[in-house]
Amino acid sequence: MIREAKTYNFFTHNSELLRIFARMEQNNTELELARNYALYTHRNIFLTGKAGTGKTSFLRRLQEESKKRMIVVAPTGVAAINAGGMTIHSFFQLAPGLFLPGKMVAGRDQRNRYSFSKQKINILRSLSLLVIDEISMVRADLLDAIDDVLRRYQDRSKPFGGVQLLLIGDLQQLAPVATESEWPLLQEFYATPYFFSSTALAQTDFVCIELKHVYRQQDADFVSLLNAVRDNRLTPATLQTLNSRYRPQFRPPDSEDWITLTTHNHQAAQLNNRRLQELPTEPVTFKATVTGDFPDSSFPTDAELTLKVGAQVMFCKNDPSPAKSFYNGRIGRITAINGDEVTVQCGNQQVKTGPLAWTNTRYVTDSATGTISEESVGNFTQIPLRTAWAITIHKSQGLTFDHAIINAGRAFSHGQVYVALSRCRTLEGMVLSTPITADVITSDPNVVQFNDYAASHTPTLETFVRDRRAFIEEVLCEIFDFSAISMRLRYFARLASEHLSNYFPAYARMVAATATQVDTELMAVGVKFQQQIHQLTPLAESYHDNNALRDRIHKAMAYYAKATAQTLGELFEQELPEIDNERTRETIESEYKLLRTDYDEKMAIFIACLSEFALNAYWDAKARASMTEDTTKKTRAPRKRKSKDADSSSSAAASPTVRKRKGASAKATIDYEVIRDQALYRRILEWRKSVAAEKKLPASYIMPVHTIIGITNLQPRTLEDLLTIPGIGEKTASEYGAELLEMVAGGTVM
C-alpha cells in the first residue's frame, strides 16, 4: 500500500478528519484503522490477519511514524532480530520457566528477579507503547510477568502499568509451548496457555483488528484453500485439490530454486548436508565474527558456514546497499566463491555479497531529550546465506517462496501446516512430499472461541472517533489529577513524622504542611477542573475545533504551573536530612525520589504546554521528566583526612588523649529545631563519610547524626566543650576530637 508522506495530527479539523476517513476507504481500511488506533488512542490492540496480510510491514512503518515512546519485543531471538527489537525475556530480564502469580518463578523468589539498571528503569518509566510481535507464541503467564514488571515502574493500579499494548500475530499459526510438566501447574491459574488467557489482559478493554487483504498470494482460489486450512474447514473436495500437489518422487529441476519445508530441525539438516556433499565442487568454510553480546540462539545462520559452488542457498538478510539486490528469503545458487565474496544466481540476476553484520540491540534513553533509541550490544558478522534445500517450518515464518516442497506429514503442533502452505505464492509453486490428511490439520477450540470474540470486538470508524476523543479527555484529566502526588506526599509526611521529628522537627512539619496544602490548593481544585473537562470535551469531535476546551486548558496550564511550583517547590529546594538507620534511609529516599519524579513530570508538562497543548509535547515532557537524575545523591567529594604520620608539631593535627575526669561536664541540651550552620553540618557529614569508608564501617558507627547536629549548633571550641555534647565520650573525643574542633574552627582537614 502506498502511504501519503504526511503524518496527520491528532488535533485535526473536521474536514481533515473526513479526508482521513476517505483515505481509509480508498486504501486498506483495516490497516489504516490499526494505524490510527496505535497512533491516536490508548486502547490496547490485538492486530491479527492471515499470512501475507502485511503485519510485518505495518510494524516497520509504525516504528518510523509513531511519536510515542515505544519498544518492540518478540518471544524468540530470530523473531526479535527480524522485528528490530529484543526478546521478551532479555528486555524484561525474566528467567526462563514459569510465572505463577504469588509463587516461585524458575525456582527463585519473585522479589529477587528484578535488578534493572538505571537506563532500563528510565525506559520502563517513560514507555508509552509496548509492541509484542508473534504474540501467538507468547504464553499467558509470560504476558502476566510483563504486567508485573510494568506495574512496578508505572501505575500499579492499572494493567501493564497503564502502558498501551500492540499485540501482533496470527493465532492460527505457531502456538505457545507448555510442556507436560508445565501445564499442570499453569492450569491452576489459566484456562489456556494462549496470551488471551492472561489475567492482566482480561482486565483491559482491548480492540481486535484483522487485516484481510492478502498481499502474498494473488490467486483467489489458492487464498480460499489456505483459509480453509487455517480455519480447519477442509471439505473432501478441498483436500483433494490440496493433495493434487502430492508428488512423492519429485526431484526439483536445476533450473528452478525449490526449498523443502520440514517439521523438525534434524530433517532439514540431513537434507542440506546430503545435498551439499553430493556436489563435486570444493567446500569453503566461512567463520563468523561475534563481538559483544550475541547469543547462539539468535544466530541467523551458521557460525561456521560451509558453502560450495552449485549449492542452493537462501539470503537471510535484506541488502543494506542502495541496490537492494537481495532480501531475506530470496533463493538462488552459488556460481562463484572468491575469497570472502560469494556470487549467487537468482533468476536472471547475478548477486554478489560479502560478510554482513547483524546487530543485537538494547534500548537506551537520552535523559536530555527523553527519547528511546537502540544501542548495539553485540554483532554477528557472516556471509548472509544459509544452505537452503530445506528449512524448518518454524524458521520459515514471515518468508515467501515461489517454489516449495512441503514435508508436513509429521506436523506436531497447531498451525504448522498452515504456516508451511502459506509461505507459497501459488498452488502451482508447491509440491507435497507427504499427503495432507485431516488429522494433521488441527484447530484448537480455544482459538476458535477467541476468534469469535475478536470478531465481535472489531472497532469501526465511529468507535475510533469516540476512542480518540476519550483518549484526549483521559490525558487532560490525568494532567490535572493530583491524587497520586497527594497520596505519595501523605505517606512521605507520615515517614517524616515517625523518623525525622526528633532531630529534624522543622523539616517534618514542613512536609506535613505541604501535604495539607496540596490537598486543599491543588487536588481539590483539580477535581473540579476535571469535571469541566468532562463537560467541555463532547462539544466538538476534535480538540482543535473545541475552542471552549482549548481556552480553559490554556488558562489552566498557566495557573497550575505557578501553583504547583509555589506549593511543592520549597520541599524540593532542601536536601533530605541525614538518616543513620540504613533501612529507614532507603525507604525515605525511595519515596522522596518517586515524589520528585511525579512533581518534575507535572511541571515539565505544564511548562511544555503553556502556549498550546499538544500531544507530542506532552509525551516528550513526560518522558524527559521520568529520566531525571537521582536528586538524593550527594555530589560533594569526601574530604581527605590527615595521614597518621603527618607533621605532629601542629596541635590541631595531633589527637590528644582524653583522660577520665571526676565531675566531668554535664551533657548539654541541644536544640534540634534548626541546623544553624548548614556548611559546617555538611562538612562534618562528609568527614564522617570519609572515615566510615576508610574503616569500612557504617557511618552511624563513627558518629550518629544527632551528635553532628549538636556539634553544629553548639560549635565547641575545646575538648571539654566537645564532651558536653550527647554522643561524644572520651573515646570519640580522643580519636576524633582534634579534627572535629578544626572543622568547627573553619580549618581544612586534609
Side-chain angles (χ1 to χ4, degrees), residues 59 70-101 103-117 119-124 127 129-154 159-161 163 165-169 174-179 181-183 185-186 189-190 193-201 290 292-300 358-364 372 374-378 380 394-395 397-398:
L59 174 56
M70 65 179 290
I71 63 165
V72 180
V73 294
T76 67
V78 173
I81 294 294
N82 289 339
M86 297 177 64
T87 65
I88 293 172
H89 286 85
S90 175
F91 179 78
F92 290 101
Q93 296 177 205
L94 299 170
L98 303 176
F99 177 87
L100 301 179
K103 295 193 177 183
M104 304 292 282
V105 178
R108 294 182 297 167
D109 189 86
Q110 293 187 80
R111 294 171 297 179
N112 299 324
R113 73 183 188 281
Y114 305 126
S115 181
F116 293 128
S117 66
Q119 186 75 249
K120 180 65 66 66
I121 291 172
N122 278 342
I123 294 173
L124 291 169
L127 187 61
L129 174 62
L130 172 65
V131 181
I132 306 180
D133 199 19
E134 302 294 359
I135 190 63
S136 68
M137 293 188 284
V138 175
R139 254 182 8 208
D141 63 314
L142 183 55
L143 200 57
D144 280 345
I146 294 172
D147 166 72
D148 196 53
V149 176
L150 292 176
R151 285 182 194 251
R152 287 172 62 89
Y153 295 102
Q154 294 214 27
F160 305 101
V163 174
L165 299 186
L166 172 58
L167 312 175
I168 302 177
L174 300 178
V177 176
T179 65
S181 62
E182 291 174 328
W183 181 238
L185 297 172
L186 286 170
F189 303 94
Y190 302 105
Y194 292 97
F195 80 91
F196 53 74
S197 291
S198 155
T199 302
L201 188 65
V290 181
D293 179 15
F294 204 111
D296 296 359
S297 59
S298 297
F299 287 177
W358 287 260
T359 301
N360 185 28
T361 61
R362 68 175 179 181
Y363 289 100
V364 295
I372 298 175
E374 295 178 356
E375 177 183 82
S376 172
V377 295
F380 175 90
H394 188 276
K395 290 181 180 177
Q397 192 158 7

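Because the structure is predicted, anything quoted here is derived from the model rather than measured.
- In this structure Ser90 satisfies the side-chain contact (heavy atoms from CB on, under 4.5 Å) test together with Met86, Thr87, sequence neighbours excluded.
- With a 4.5 Å cut-off on side-chain heavy atoms, Leu124 and Phe92 count as touching.
- Atom-to-atom distance recorded for Thr199:OG1 and Phe189:CZ is 9.0 Å, nearest 0.5 angstrom.
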Would you sort out whether Leu186 and Leu100 count as a side-chain contact (heavy atoms from CB on, under 4.5 Å), showing the intermediate values? CA-CA 7 Å; Leu186 286 170; Leu100 301 179; 3.9 Å; yes
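- For the atom pair CG (Asp133) and CG (Leu59), the distance works out to 5.5 Å, reported to the nearest 0.5 Å.
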side-chain contact (heavy atoms from CB on, under 4.5 Å) for Phe91 and Lys120? Distances and angles first, verdict last. CA-CA 8 Å; Phe91 179 78; Lys120 180 65 66 66; 3.8 Å; yes
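- Across all their heavy atoms, Leu94 and Ala145 have their closest contact at CD1-CB, 3.8 Å.
- Proximity of a side-chain donor or acceptor of Asn360 to a complementary backbone N or O of Asp293 within less than 3.5 Å is detected.
- Heavy-atom minimum distance, Val131 versus Met70: CG2-CE, 3.5 Å.
- Under the 4.5 Å side-chain criterion, counting only non-hydrogen atoms from C-beta, Val138 is not in contact with Leu167.
- In this structure, CD on Gln154 lies 6.0 Å from CG on Leu127, to the nearest 0.5 angstrom.
- The aromatic rings of Phe116 and Tyr153 stand perpendicular to each other, their planes meeting at an angle above 60°, with 30° marking the opposite boundary.
- Taking every heavy atom of both residues into account, Ser198 and Tyr190 meet most closely at CA-CE2, 4.3 Å.
- Rounding to the nearest 0.5 angstrom, the gap separating the CG atom in Leu150 from the CG atom in Leu165 is 7.5 Å.
- For the side-chain contact (heavy atoms from CB on, under 4.5 Å) criterion with Phe160, the lone passing option out of Asp148, Leu130, Asp147, Val149 is Asp147.
- In this view, Pro176 and Arg139, Pro193, Tyr194 satisfy the side-chain contact (heavy atoms from CB on, under 4.5 Å) rule, not counting sequence neighbours.
- Using a 4.5 Å heavy-atom cutoff, the side chains of Ile146 and Ile132 are in contact.
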